[in-house]
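The next block holds one structure in the form of structure tokens; read it before the comments.
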4 protein chains.
Amino acid sequence: MAKATDTSGTTPVPQRLLAAATRLFAENGYDRTSVQEIVEAAGVTKGALYHYFGSKEDLLQEVYARVLRLQQERLDAFADADEPIERRLREAAADVVVTTIDNLDDAAIFFRSMHHLSPEKNKQVRAERRRYHERFRALVEEGQNAGVFSTATPADLVVDYHFGSVHHLSTWYRPDGPLTQQQVADHLADLLLRALRP
Amino acid sequence: MAKATDTSGTTPVPQRLLAAATRLFAENGYDRTSVQEIVEAAGVTKGALYHYFGSKEDLLQEVYARVLRLQQERLDAFADADEPIERRLREAAADVVVTTIDNLDDAAIFFRSMHHLSPEKNKQVRAERRRYHERFRALVEEGQNAGVFSTATPADLVVDYHFGSVHHLSTWYRPDGPLTQQQVADHLADLLLRALRP
Amino acid sequence: MAKATDTSGTTPVPQRLLAAATRLFAENGYDRTSVQEIVEAAGVTKGALYHYFGSKEDLLQEVYARVLRLQQERLDAFADADEPIERRLREAAADVVVTTIDNLDDAAIFFRSMHHLSPEKNKQVRAERRRYHERFRALVEEGQNAGVFSTATPADLVVDYHFGSVHHLSTWYRPDGPLTQQQVADHLADLLLRALRP
Amino acid sequence: MAKATDTSGTTPVPQRLLAAATRLFAENGYDRTSVQEIVEAAGVTKGALYHYFGSKEDLLQEVYARVLRLQQERLDAFADADEPIERRLREAAADVVVTTIDNLDDAAIFFRSMHHLSPEKNKQVRAERRRYHERFRALVEEGQNAGVFSTATPADLVVDYHFGSVHHLSTWYRPDGPLTQQQVADHLADLLLRALRP
DNA sequence: TATGAATGAGAGTTCATTCAT
DNA sequence: AATGAATGAACTCTCATTCAT
């Protein structure tokens, strides 16, 4: 959670700023992180930040955009694979856990700071989030229609149940805990699939 | 989420302040809520606030203390009931959903603003939270030891899985949605119990 | 133009701030005057300024409101007097010169900084200004209708002609110049009346 | 007041910059206009601006120099004409009105932004302004000495009276108002001449 | 002749908190 | 028990200008 930021080396300034902001937003929260802290952590001046980003909020949005893009791409790949629905859902469910643990900072920011975005940007992020949710739900529904998943619970609720646990990871997961990220991922995917047994 | 606050009536000033603060913290976040806004919403002056509370942070802690107390009491009651373990877990799992929905503002604050507390107070809240978690975990383990719940997943993880979905409620639950709070609670408890089938 | 400001004495803080702001706005212009300079000149802190005024712009508006109020009152008094129209116009025309010279700072600010007000406040000031203009015009028209003033020039234009010269005072008038303010006032009023001879 | 600026065409870059700056200074004031806005309006980059002009202030001074040169030339022409003094003054007085209305942007900048120049440049502009004033005053005095103008008012004051109204034009004159610029000019010149009748 | 990344100082404003009353 | 004036530090953001290319 506290990787060092390259403050003067070869990494381009915008990336340096984004990395520093991500770390600080995750550690201290968006409102508690001052622009001054960000530029100091990135080894540049305020002017440089405002040369590349229109506002502090833009930095936050960039963090969102990056993680959303990544997760959507991965979900699409797993969902489109040529495998049985049970397997595709299990792998997608496990992958989102692994990816989230790999980017715990982004995840923490995502779920904690979304309400700091202006209504306009918030709407945009929610829309992309919705698209992600629906792709996942389609997998659940596909299995329900095929009769391999129980229909006892509405698919929407099933998805929210699983995403809740993903969301929660940044609260309790520690890299030095008893379980590796893959083990956690397998367990959580397993819980989902077991709950869906007819 | 936006109940009116009694700004001048008979409610004692400290309660009025707490109610106003809860609503505003949930709506706009802790950092985005100014002390001025709180006292205006409560119909008192700054001096009055600082007469009853030592700081803005104290208000936040009071919100936590209240919700933690309430949830611990309810969990204890369900866990100590004289019923089969399967039923006790189901009812505890459903109740925490209902209680959370009944106090969505508190829940939103809880999961979003904990890092705004000073390290000392944070530690205290985490300790109480831990106690709550462990009581819940004990229920799962009891069922596992009795052979009615699967032991495929560590009990800790099971608890985090469920709490994740509770935590997530404030993100997606809307009172005017298709499901009543009781229906949501039953579904989520059902998912938990189904996942625990041996 | 550079009266000393009471920085710590008995004058109430709002007045001190207004006096300091007036002097600095006149000397350096609104945009060139920083809030920091104002509070230093008034011997208070920024917090105190924002306790009494909502913004820097509010200070500017207060300067306007004060001078508009004063001038309207005086004009009304002269216009309502029980004297021949020729005399009433002459005295009103001379008085606005004297009053303007007495408050050269306000006048300089008035004509130089009005466009710094937000559209909303600008509109409000223009409306009050318009009222003043129309009262003055009514005097000219009264004389024209009575046949004592020439109708060769539209009354509106006559008023703008005179006010232009008043406006211009802050550009050239110096207290240590060859003419006293009363002499200047009499000359300018005389020019107006002479121009209006049939 | 808002002529479009040729942002990419054949007009040389310095002229384009000057035109854009003039329009923006008049619309928003000197301090409120950023160098960035000027170069964007002119369709060039900052580097280009600083290639041709040493500073933002230099742009302002160029605007002044241009209008001063123009007005001095025209006044000299009218003053030197071979006509009776009464006619020469009337025509000069009317011409400055027409020229000012033709360049209302420059006029607005002139009277509002002079104090934004550095002391050195300010002094220079005032000196040229003084020369213009004195040429005009000489006309008044010539008529007074010839007995065709009243000597009741000092010539200096007469000139300031007229210039005040010229200065004031940018405050009230609107191209779509009831009077054409020529009509306004004739009226204002007439007021001056009528005031000077012995 | 022109670019545009980067600077660094300073802008207006907000805010939790204190304290004399 | 309660007021509200005042503090002072921190906040986000702007801007004219420079300079390597």
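Since this is a predicted model, take the numbers as computed values, not measurements. Numbers restart at 1 for each chain; the letters A, B, ... are given by sequence-line order, proteins then strands.
Atom CD1 in B:Ile38 sits about 12 Å away from atom C1' in E:dC15, given to the nearest Å. One can place CG of C:Leu24 at 16 Å from C1' of E:dG12, the figure rounded to the nearest angstrom. Regarding A:Glu40, its CD atom lies at a distance of 13 Å from the P atom of E:dG8, rounded to whole Å. Going from atom NE2 of C:His116 over to atom C1' of E:dA11 covers 15 Å, rounded to whole Å. Atom CG in C:Asp31 sits roughly 15 Å away from atom P in F:dT14 (whole-Å rounding). In this structure, A:Arg32 atom CZ and E:dC15 atom C1' are separated by 13 Å, rounded to whole Å.
Listed nucleotides: F:dT12, F:dT17, F:dA6. Nearest to the side chain of D:Val35: F:dT17.
Proximity of D:Thr45 to D:Val39: side-chain heavy atoms (C-beta onward) are nowhere separated by under 4.5 Å. With contacts defined as side-chain heavy-atom distances shorter than 4.5 Å, the pair B:Leu49/B:Leu59 qualifies.
The shortest non-hydrogen separation linking C:Leu104 to C:Ser170 is CD2-CA, 3.7 Å. Heavy-atom minimum distance, B:Ala42 versus B:Leu17: CB-CD2, 3.8 Å. Between C:Arg23 and C:Ala41 the shortest heavy-atom distance is NH2-CB, 3.8 Å.
Remark: of the listed residues A:Phe111, A:Tyr30, A:Tyr64, A:Tyr30 is the sole one forming a ring pair (Phe, Tyr, Trp, His ring centres under 6.0 Å) with A:His116.
Environment of CZ in A:Arg126: sparse, with no more than 12 heavy atoms of neighbouring residues, nucleotides or ligands closer than 6.0 Å.
DNA chain E contains the following stems of three or more consecutive Watson-Crick or G-U pairs, with both distances under 3.5 Å: E:2-21 with F:2-21.
Taking the nucleotide of DNA chain E with the nearest heavy atom to each of B:Gln36 and C:Ser34, the more 5' of the two is matched to C:Ser34. Residue order along DNA chain E, read from the 5' end via each residue's closest nucleotide, puts A:Val13 first among A:Val13 and B:Glu37.
For residues 47-59 of chain B, proximity to DNA chain F is found at B:Gly47, B:Ala48, B:His51, B:Tyr52, defined as any non-hydrogen atom under 4.0 angstrom from a strand atom.
Seen from the ring of B:Phe25, B:Lys56 does not count as a face-on cation partner, given the 6.0 Å and 45° thresholds.
The base of F:dT7 has none of its N or O atoms less than 3.5 Å from a complementary donor or acceptor on the side chain of C:Lys46.
Using a 4.0 Å cut-off between charged nitrogen and carboxylate oxygen, D:Arg32 and C:Asp31 count as a salt-bridge pair.
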